[in-house]
Protein chains: 2
Amino acid sequence: MTAPALTKNQSLVFDVLSRSDAPLSAYTILDKLRDHGFRAPLQVYRALDKLLERGMVHRLESLNAFVACAHQEKECCGGHGHGTVAFAICESCGHVVEFHDHAVDHRLDDWARERKFKPAKTTIEIRGLCEQCAA
Amino acid sequence: MTAPALTKNQSLVFDVLSRSDAPLSAYTILDKLRDHGFRAPLQVYRALDKLLERGMVHRLESLNAFVACAHQEKECCGGHGHGTVAFAICESCGHVVEFHDHAVDHRLDDWARERKFKPAKTTIEIRGLCEQCAA
DNA sequence: TCAATTGCGTTATGCTATAACGTGTGTCAT
DNA sequence: ATGACACACGTTATAGCATAACGCAATTGA
Ligand SMILES: [Zn+2]
Ligand SMILES: [Zn+2]
Ligand SMILES: [Zn+2]
Ligand SMILES: [Zn+2]
């Protein structure tokens, strides 16, 4: 039941994402890891796949970029085992806020149930300007 | 105030999207329009940009693909002048349903207002299985 | 020990999107 | 008219994102 340890490559990728204060593209991650022996995009993508599976990393579809999950292990909704997560992305400074909203989740869930649509993964991304940048 | 007519290229691209029952990538559109003189991606992307501006076409971020807007001109929320729109995307048959949900919109709006975040564009995409394909 | 699984590294390729250049065509103020 | 401007268009080249296909090594579990 308890997940196996991260491999070396997975740890390296996760570390880079954790330290970043903005989303990173796979190729940016690659560049940051060249000194650690990374040579090809696949090394990054394979690590990202595993981290995404675990919910430790999220993909921002509107940016083709990735962020470390901002949840603590045991937060509401089970931390990394969270349901749908939403993002507010500042187009000026690049800062991203990850959040849940149960009302939104349930509303979309109801919509799906009414139409007998079976959701697998839901993307919610608000792009705009954060408080700092909107001033 | 009334929008200028579509150019030839814009019409061709819009037609292709309108006739399709699934989202199309820019390159797929290009292929479908080679017989009409299209030779390069930019011809498609430039037309798409204008159609997106007008709200006649939507981009599905999680698919890197495009669909014709499913609204009628004068539907609720002003038809093509609509606010946030959401999509349910079947991963099996490719069918896409476009919808509004005011409750979701307002909830996300509230979230943003509370944090003084200024939304510019919001993406909501539910991927899963439609009723037909879930059976 | 033998198979199956998983991760890894490499090369090559494919898909998505834009930069930069020049052309032609209208509009509009001079 | 003529020049200035805006805008659509066409072309070539390039940038950015993602996966296919190969082979090797380590791990696991019958
Ligand atoms: Zn998360
Ligand atoms: Zn900002
Ligand atoms: Zn629409
Ligand atoms: Zn379906």
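Below, chain A is the first sequence line, B the second, and so on; all start at residue 1.
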Q: Measuring from the side chain of Y27(A) (C-beta onward, heavy atoms only), which nucleotide among dT10(C), dC17(D), dG10(D) has the closest atom?
A: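 So the side chain of Y27(A) is nearest to dC17(D).
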Q: In whole angstroms, how far is the C1' atom of dC15(C) from the CG atom of L24(B)?
A: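 It is 15 Å, rounded to the nearest whole Å.
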Q: Which nucleotide in the set dC17(D), dA17(C), dC9(D) lies at the smallest distance from any side-chain heavy atom of P41(B)?
A: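 Among dC17(D), dA17(C), dC9(D), the one nearest the side chain of P41(B) is dA17(C).
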Q: Select one nucleotide: of dA18(D), dG10(D), dT10(C), the one nearest the side-chain heavy atoms of N9(B).
A: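 So the nucleotide nearest the side chain must be dG10(D).
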Q: Between dT10(C), dC9(D), dA18(D), spot the one nearest the side chain of Y45(A), thanks.
A: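 Comparing dT10(C), dC9(D), dA18(D) against the side chain of Y45(A), the answer is dA18(D).
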Q: Tell me whether the count of non-hydrogen atoms from other residues, nucleotides or ligands lying under 6.0 Å of CZ in R115(A) goes above 12.
A: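 Yes, the 6.0 Å shell around CZ holds more than 12 heavy atoms from other groups.
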Q: Rounded to whole Å, please give me the gap between CG in L12(B) and C1' in dG10(D).
A: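 Rounded to the whole Å, the gap is 15 Å.
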Q: Rounded to the nearest angstrom, tell me the gap between atom CG in D31(B) and atom P in dC15(C).
A: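 The answer, rounded to whole Å, is 9 Å.
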Q: Would you mind reading off the distance between N64(B) atom CG and dC17(D) atom C1', rounded to a whole angstrom?
A: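 It works out to 9 Å between those atoms.
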Q: Give the rounded distance in Å between these two atoms: CD of E61(B) and C1' of dA17(C).
A: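 Going from CD in E61(B) over to C1' in dA17(C) covers 13 Å.
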Q: What is the distance, to the nearest angstrom, from the CD atom on Q43(B) to the C1' atom on dG10(D)?
A: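 Taking atom C1' of dG10(D) as the reference, CD of Q43(B) is at 6 Å.
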Q: Within less than 4.0 Å of OP1 or OP2 of dT6(C), is there a side-chain N or O belonging to T7(A)?
A: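 So the side chain of T7(A) is outside the cut-off, no N or O lying under 4.0 Å from OP1 or OP2 of dT6(C).
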Q: Taking all non-hydrogen atoms of both residues into account, name the closest pair between Q43(A) and G37(A) and its distance.
A: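 In terms of heavy atoms, the two residues are closest at NE2-O, 4.1 Å.
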Q: Could you work out which one of dC9(D), dT19(D), dT10(C) sits closest to the side chain of R46(A)?
A: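 Given the options dC9(D), dT19(D), dT10(C), the side chain of R46(A) is closest to dT10(C).
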Q: Quick check for you: among dT11(C), dG7(C), dT19(D), whose closest atom lies nearest to any side-chain atom of K50(A)?
A: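 Looking only at heavy atoms from C-beta outward on K50(A), the closest nucleotide is dG7(C).
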Q: Of all the choices, dC8(C), dA18(D), dA17(C), which nucleotide is nearest to the side chain of R59(B) once you look at every atom?
A: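 So the side chain of R59(B) is nearest to dA17(C).
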Q: Between dC9(D), dT16(C), dT11(C), which nucleotide gets closest to the side-chain atoms of Q10(B)?
A: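 From the listed options, dC9(D) comes nearest.
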Q: From CG of L6(B) over to P of dC7(D), roughly how many Å is that when rounded to an integer?
A: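 That distance rounds to 16 Å.
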Q: With a 6.0 Å cut-off (strictly less than), is the heavy-atom count around NZ of K121(B), excluding the residue itself, greater than 12?
A: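 Check passes, neighbour count above 12.
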Q: Compare every heavy atom of F14(B) with every heavy atom of A68(B), then report the nearest pair and how far apart it is.
A: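 Minimum heavy-atom contact is CB-CE1, 4.1 Å.
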Q: Quick one: on DNA chain D, does G37(B) or T28(A) contact a more 5' nucleotide (nearest heavy atom)?
A: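 The residue mapped nearer the 5' terminus is G37(B).
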Q: Please tell me which of the listed nucleotides, dA20(D), dA18(D), dT18(C), lies nearest to the side chain of L42(B)?
A: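 Nearest nucleotide to the side chain: dT18(C).
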Q: Side chains of T123(B) and E61(B): is there a donor and an acceptor less than 3.5 Å apart?
A: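 Judged by distance alone, the side chains do not pair up.
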Q: How long is the line joining CG of L63(B) and P of dT16(C), in whole Å?
A: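 That distance rounds to 10 Å.
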Q: Between dT11(D), dC17(D), dT10(C), which nucleotide has the shortest distance from any of its atoms to the side chain of S25(A)?
A: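 Out of dT11(D), dC17(D), dT10(C), the nucleotide with an atom closest to S25(A)'s side chain is dC17(D).
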